[in-house]
Amino acid sequence: MSTTHTGRDGRPLVTTTQVAYSLGLTPKQYRDWARRRSITPADSIPNPVRGQRLALWDLADIADAVRLDQSKKPACQGV
C-alpha cells in the first residue's frame, strides 16, 4: 500500500532537493531561505540511504512565501 503525502492544495509534498532545484538554490540555501520565512517541513519520510529522515515541503507554503517576497519589492519605476 502506497501513501501519498499531499499539501494544503492537494499537490504532492516535495523533498528539499526538489524544491531547491526549482528555485535555483542549493538545498542549504533553500533551508536558510525557508528558515528566514518561518517555513517548516510539512512532513518527513525515512531516508533509504542514511538514518536522517527526508523533509517534505508543502508547495502551497512555498508559493505563499514567494508571493509575499514579490509583493514587498518596489514596483518598477521604468520609463
Is there side-chain contact between [X] and [Y], with heavy atoms separated by less than 4.5 Å?
X: Asp43; Y: Asp58; result: no
X: Asp64; Y: Leu68; result: no
X: Ile39; Y: Trp33; result: yes
X: Ser44; Y: Leu56; result: no
X: Ile62; Y: Val19; result: yes
X: Tyr21; Y: Thr15; result: no
X: Gln29; Y: Leu23; result: no

So if you build clusters from Ile, Leu, Val, Met, Phe, Trp, Tyr with side-chain heavy-atom gaps below 4.5 Å, do Tyr30 and Leu13 land together?
no
For the backbone of Gly7 and the side chain of Arg11, can you confirm whether one donor and one acceptor N or O come within less than 3.5 Å of each other?
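Flag not set: sc Arg11 to bb Gly7 has no pair under 3.5 Å.
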For the pair Arg8 (side chain) and Ala60 (backbone), establish whether a donor and an acceptor sit closer than 3.5 Å, ignoring hydrogens and angles.
yes
How long is the straight-line distance from [atom2] of [Y] back to [atom1] of [X], given to the nearest 0.5 Å?
X: Asp32; Y: Leu25; atom1: CG; atom2: CG; value: 9.5 Å
X: Arg53; Y: Asn47; atom1: CZ; atom2: CG; value: 10.0 Å
X: His5; Y: Trp57; atom1: NE2; atom2: CH2; value: 15.5 Å
X: Asp61; Y: Ser38; atom1: CG; atom2: OG; value: 11.0 Å

Going through the distances and angles, do Val14 and Leu59 end up as a side chain to side chain contact (heavy atoms under 4.5 Å, CB included)?
CA-CA 7 Å; Val14 294; Leu59 291 171; 3.8 Å; yes
